[in-house]
Amino acid sequence: MPTPTIDFTVFDNEEVVSYAPVSDDPVTNIAALRRPLTQSGMRNVERFVTLYPTDMVFHLDGTNLNSKTLGPGDTITDSHGVDYQVLFFERQTLNNTLAVVCRHNES
């Protein structure tokens, strides 16, 4: 069985983001990958929140976020300075990675 990895450098389009929890200090320089929200992924998340086709998923290196209290309303700022509101998150791979469903902040 393969060993899970948090080495995001093996993927194309790795970027560095910041994560700002509503109730805690921001964390910078988090390795991340982003992808569109797939139809199968939407079915699971839509039990908790209404989603739009433009919502997206960030996969984050969760190492520096393990001690943080995360939740809806938090903000991710991508490498271009664009803000996204966290709608839903799930800790994965023994808490080493996070899958975060986000919506572009129009503010």
Side-chain angles (χ1 to χ4, degrees):
M1 178 176 193
T3 304
T5 182
I6 57 169
D7 182 8
F8 283 41
T9 61
V10 300
F11 299 101
D12 292 335
N13 299 321
E14 175 191 13
E15 63 181 301
V16 175
V17 301
S18 297
Y19 192 106
V22 171
S23 60
D24 210 334
D25 294 328
V27 179
T28 59
N29 298 321
I30 301 170
L33 300 168
R34 73 169 93 188
R35 67 172 174 80
L37 191 58
T38 60
Q39 190 66 24
S40 61
M42 288 175 67
R43 279 195 295 270
N44 291 330
V45 174
E46 281 188 317
R47 293 180 294 165
F48 307 103
V49 65
T50 302
L51 297 174
Y52 301 131
T54 55
D55 293 341
M56 64 178 38
V57 177
F58 281 90
H59 293 276
L60 307 176
D61 176 352
T63 307
N64 293 329
L65 295 169
N66 282 337
S67 64
K68 301 292 182 179
T69 301
L70 310 179
D74 293 350
T75 302
I76 291 178
T77 304
D78 72 8
S79 56
H80 303 289
V82 178
D83 290 335
Y84 296 86
Q85 179 183 16
V86 173
L87 303 173
F88 179 85
F89 79 96
E90 180 179 61
R91 294 185 186 269
Q92 301 177 329
T93 320
L94 304 173
N95 287 333
N96 290 328
T97 60
L98 291 167
V100 184
V101 179
C102 297
R103 180 169 296 146
H104 180 260
N105 269 347
E106 299 287 336
S107 55

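No hydrogens, no waters, no symmetry mates; every other heavy atom, side chains included, goes into these values. The structure displayed is predicted, hence computed values, not measured ones. The chain is numbered in sequence order, starting from 1.
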Review point. Counting N and O atoms only, with roles assigned by atom type, does the side chain of Asp74 sit under 3.5 Å from a partner on the main chain of Gly71, one being a donor and the other an acceptor?
Key: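 Yes, Asp74 side chain to Gly71 backbone: donor-acceptor pair under 3.5 Å.
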
Do [X] and [Y] touch side chain to side chain, with heavy atoms closer than 4.5 Å?
X	Y	answer
Thr75	Val86	no
Val17	Thr77	no
Arg34	Glu15	yes
Arg35	His59	yes

Check your understanding: Honestly curious: do Val22 and Leu87 fall in one hydrophobic cluster under the side-chain, below-4.5 Å linking rule?
Key -> no

Check your understanding: Do Val27 and Val82 belong together in a cluster built from hydrophobic side chains that touch within less than 4.5 Å?
Key -> yes

Exercise for review: Kindly indicate, with the supporting measurements, whether the criterion side chain to side chain contact (heavy atoms under 4.5 Å, CB included) is fulfilled by Ile30 and Leu65.
Suggested key: CA-CA 9 Å; Ile30 301 170; Leu65 295 169; 3.9 Å; yes

Review point. How far does OG of Ser18 sit from CG of Asp78, to the nearest 0.5 angstrom?
Key: 9.5 Å

Point to revise | Nearest-0.5 Å distance, OH of residue Tyr19 to CG of residue Leu98 | key: 7.0 Å

Exercise for review: Verify salt bridge (Lys or Arg N to Asp or Glu O under 4.0 Å) between Lys68 and Asp25, making sure each step is shown before the conclusion.
Suggested key: CA-CA 9 Å; Lys68 301 292 182 179; Asp25 294 328; 5.1 Å; no

Write down the atom of [X], the atom of [Y], and the distance for their closest heavy-atom approach.
X	Y	value
Pro26	Pro21	CA-CD, 4.1 Å
Asp24	Ser67	OD2-O, 4.5 Å
Arg103	Leu51	NH2-CA, 3.7 Å

Point to revise | Worked verdict on Thr97 versus Asp61 for side chain to side chain contact (heavy atoms under 4.5 Å, CB included) | key: CA-CA 5 Å; Thr97 60; Asp61 176 352; 5.9 Å; no

Check your understanding: Can you list the residues that meet the ring-ring contact (aromatic ring centres under 6.0 Å, His included) rule with Tyr84, with sequence neighbours excluded?
Key -> Phe58, His104

Review point. According to the salt bridge (Lys or Arg N to Asp or Glu O under 4.0 Å) rule, which pairs have a member within residues 81-93, sequence neighbours left out?
Key: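 Qualifying pairs, neighbours excluded: none.
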
Exercise for review: Apply the test side chain to side chain contact (heavy atoms under 4.5 Å, CB included) to residues Leu60 and Ile76: give CA-CA distance (whole Å), side-chain angles for both, the deciding distance (0.1 Å), then the verdict.
Suggested key: CA-CA 10 Å; Leu60 307 176; Ile76 291 178; 4.0 Å; yes

